[in-house]
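Structure record follows, encoded as structure tokens.
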Amino acid sequence: MNESQQRDTDYSEQLTRIARSLAAGRDNEVIGDVAAGTDPEYVQMFVDDNVQKRFDKIRHQVEVIEPGFEGLDELLSTYMDQIPLASYDIGASDGDRFLQWLEQNPELSPEQCDLIDCQRARHAVEDLGRKNRLGHIRFQQLWRTVDSLTGELDSDRNLKIHLNPIRVWTRFQTRLLLDDGAVPPADVIFFACTNEVRTAVLESEGKQRVSELELFETGTIDDWRTWRETSDHTASPTREDLIEICRDLAEMGLIAFG
Amino acid sequence: MSCAIGYAIRDENRPILDDPAINAVEITFERSDDPLRIDRYVGGGQFDYVSVHALKLSVASPEPPGRNYLDSLLAIAEENGAASISDHLGFTRDGHHGVEIGHFAPPPFTEAAIDATCRNVDIIQRFFRHRHFYLENIACLFHFEGTMDEAEFLSRVLRKSGCGWLLDVTNVYANGLNFGFSPTEFIKAVLPIPERVQIHLAGGYLDDRSGLYIDSHSQPIPDDVWDLYRMSLELAHDKIDAVFIERDQDFPDENGWRSEVQMARRIADEVELWKRGMVT
């Protein structure tokens with residue numbers, strides 16, 4: 001190794017060591033690296049400020065679970081002590097890691113599990129939107145015209161059904177987050193609608209149709225009926241029944257036409 | 001017309017972004033992460049100049065920035081018609097893309113740090129191609145042991161990498177107070193080097209307990225910073241592409257938002273006239 005390579009190696013080791021110490025809040029470990037005459041308190045101020053910012057950010061990212069967790073702040077502090085912030089923390093990734101960390105506790109109540117699942121599903125929808133931004137924008141542009149096109153479903157056999165690509169299923173085990181009338185365990189779909197996350201508990205037929213559309217992808221209502229018969233070998237609902245289901249799903253924001 | 005001038009976009013200043021004094025905006029990348037947003041982050045406004053300001057390229061790290069992060073920056077730049085990208089002359093993570101400090105720290109001012117930074121800036125500039133890249137001088141509470149001062153370190157990085165300088169006037173002012181050097185001399189020493197310059201302006205406060213000037217982006221821009229801004233324009237107005245005011249806390253009312261950007265515009269216009277010899 002020549003002098004230049006050695007210098008690069010030393011630098012890499014120094015910065016890695018400093019970064020890991022600062023990320024873990026161990027400011028005392030870098031005192032030997034700071035310029036002569038530096039007040040150690042200034043390094044501590046830097047670390048404390050970063051810790052507080054991280055705390056505030058995660059707190060905001062997990063606000064859904066707050067009603068079910070007494071001592072949430074203490075739990076969060078423990079998590080932050082154990083798990084340093086990961087590189088390129090984007091979106092709610094740190095908050096989601098905190099939720100995964102919480103899930104490891106075997107003593108969580110079913111209600112607490114539902115709160116965590118709810119928050120994680122919201123994060124997952126946002127993450128899907130981030131990864132498939134083009135798909136999200138295209139679908140929402142189609143959905144803007146859904147009111148007028150829904151009225152044409154009876155007459156226009158060329159209209160194609162598009163399933164909202166930004167959707168996530170989860171299951172709630174308790175009534176805590178369910179509307180009156182929904183019975184746990186209930187499958188809940190989380191999806192993007194305009195710039196928000198919406199949720200819906202679908203009745204069994206609606207749930208079945210969405211599951212079919214997830215496999216069918218894109219086509220007309222007639223294509224859908226043909227596909228059902230080919231793949232299920234069962235009698236399809238009538239075209240009129242499917243139109244009615246489509247109207248309901250379109251109103252929710254789960255499908256659009258184009 | 002003088003250089004492009006505007007705000008770093010915050011929800012709180014969106015209502016005044018149509019002010020006639022504003023023809024530029026800066027997108028703070030981490031704040032623009034609203035994945036379900038349908039419209040462009042800059043909204044419907046037409047701006048002469050848009051820049052994306054990143055926080056996590058960690059240019060002084062030993063390893064190059066991650067490809068996913070670069071792709072995300074490029075995507076927001078393309079979607080919003082940004083002409084440039086900027087980030088800070090510091091490091092935020094360790095050498096193996098493992099942990100994040102949370103905020104950029106200054107690198108040790110050494111030869112090795114210059115080499116690592118310039119290698120990374122080269123990768124960044126190649127990646128963004130025709131979009132110019134600017135490095136911002138940071139405000140810091142401490143420095144690591146090094147072999148040169150900040151002005152020399154910054155000058156050598158700018159000279160060797162050929163990237164633009166995002167001259168954060170308030171950061172120079174803060175470091176001048178906290179480390180006991182002349183902000184005027186610092187700017188005069190570095191400003192001749194880069195071919196392109198952007199400017200940041202903000203206001204912080206003097207912390208009674210530590211005696212440090214904290215660059216909190218929470219206060220009006222101090223008079224001393226306005227004076228340094230004017231001096232910078234006088235020295236290099238023909239290579240200053242854009243000026244952005246940053247505010248992150250204790251937001252002003254509408255008049256407060258408008259008055260600062262109008263002040264930035266007025267000073268730039270005055271310097272422009274003075275340079276043309278129309279004002280003595």
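Every chain is numbered from 1, with letters handed out A, B, ... down the list of sequences.
- Looking at B:Asp115 and A:Tyr11, their side chains never come closer than 4.5 Å, going by heavy atoms from C-beta outward.
- Summarising the geometry, atom CZ belonging to B:Phe142 is positioned 11.0 Å from atom CE belonging to A:Met45; distances are rounded to the nearest 0.5 Å.
- Both the backbone and the side chain of B:Ala60 come within contact range of chain A, judged by heavy atoms closer than 4.5 Å.
- No more than 12 heavy atoms of other residues, nucleotides or ligands shown are found within 6.0 angstrom of CD on B:Gln46.
- Your options are A:Asp39, A:Val30, A:Ile18, and the one with the most heavy-atom pairs under 4.5 Å with chain B is A:Ile18.
- Here the side chains of A:Glu41 and B:Arg209 are in contact, with some heavy-atom distance below 4.5 Å.
- No more than 12 heavy atoms of other residues, nucleotides or ligands lie within 6.0 Å of NZ in A:Lys160, so this atom counts as exposed by the packing criterion.
- Residue contact with chain B, scored on non-hydrogen atoms closer than 4.5 Å, involves the backbone and the side chain of A:Glu126 alike.
- The closest side-chain heavy-atom distance from A:Leu85 to B:Arg93 is not below 4.5 Å.
- The NE2 atom of B:His103 lies 5.0 Å from the NZ atom of A:Lys53; values are rounded to the nearest 0.5 Å.
- Residue A:Arg138 does not touch chain B at all, counting heavy-atom pairs closer than 4.5 Å.
- Here the closest non-hydrogen pair linking B:Glu145 and A:Ala36 is OE1-N, 3.0 Å.
- Smallest separation of non-hydrogen atoms from A:Ala23 and B:Val99: CB-CG2, 3.9 Å.
- In terms of the side chain to side chain donor-acceptor pair (under 3.5 Å) criterion, residue partners of A:Asp187 (sequence neighbours excluded) are, by chain and number, A:Arg171, A:Lys207.
- Ion pairing between a basic and an acidic side chain is recognised when a charged N comes within 4.0 Å of a carboxylate O; A:Asp8 and B:Arg119 show such pairing.
- When each of A:His136, A:Arg133, A:Gln141 is tested with B:Ile38 by the rule side-chain contact (heavy atoms from CB on, under 4.5 Å), just one qualifies, namely A:His136.
- Residues A:Glu196 and B:Leu36 fail the side-chain proximity criterion, which asks for heavy atoms closer than 4.5 Å.
- Both the backbone and the side chain of A:Thr194 come within less than 4.5 Å of a heavy atom in chain B.
- Considering only heavy-atom pairs separated by less than 4.5 Å from chain B, the leading option among A:Val43, A:Ile137, A:Val51, A:Ile166 is A:Val43.
- Contact record, A:Phe46 with B:Ala105: CZ-CB, 3.9 Å, taken as the closest heavy-atom pair.
- At a 4.5 Å heavy-atom cutoff, the contact between B:Glu79 and chain A is made by side-chain atoms alone.
- Minimum heavy-atom separation, A:Ser12 to B:Pro62: CA-CG, 3.4 Å.
- For chain A, the nearby part of B:Leu212 is the side chain; its heavy atoms alone come within less than 4.5 Å.
- Ranked by heavy-atom pairs under 4.5 Å with chain A, the first of B:Ala113, B:Gly102, B:Gly146 is B:Ala113.
- In this structure, chain A has a heavy atom under 4.5 Å from the side chain of B:Asp207, while its backbone stays farther away.
- The parts of B:Asp39 that come within reach of chain A are both its backbone and its side chain, each placing non-hydrogen atoms under 4.5 angstrom from that chain.
- Atom CG of A:Asn105 sits in a crowded spot, with more than 12 heavy atoms from other residues, nucleotides or ligands closer than 6.0 Å.
- For chain B, the nearby parts of A:Val125 are the backbone and the side chain; heavy atoms of each come within less than 4.5 Å.
- Shown here is A:Glu3, whose CD atom has no more than 12 heavy atoms of other residues, nucleotides or ligands within 6.0 Å.
- Of all the listed residues (B:Pro107, B:Pro108, B:Ser58), the one sharing the greatest number of non-hydrogen pairs under 4.5 Å with chain A is B:Pro108.
- Between B:Glu100 and A:Ser87, the closest heavy-atom pair is OE1-CA, 3.0 Å.
- Annotation: maximal heavy-atom pairing with chain B below 4.5 Å, among A:Pro84, A:Ala86, A:Cys193, A:Gly129, occurs at A:Ala86.
- The neighbour count for B:Asp208 CG, taken as heavy atoms of other residues, nucleotides or ligands under 6.0 Å away, does not exceed 12.
- Aromatic ring orientation, B:Tyr69 versus A:Tyr88: tilted (interplanar angle from 30° to 60°).
- B:Asp94 places none of its side-chain heavy atoms less than 4.5 Å from the side chain of A:Leu15.
- In A:Glu251, the CD atom is not crowded: 12 or fewer heavy atoms of neighbouring residues, nucleotides or ligands sit closer than 6.0 Å.
- The candidate with the highest count of non-hydrogen atom pairs below 4.5 Å against chain B, out of A:Asp33, A:Leu22, A:Thr38, is A:Asp33.
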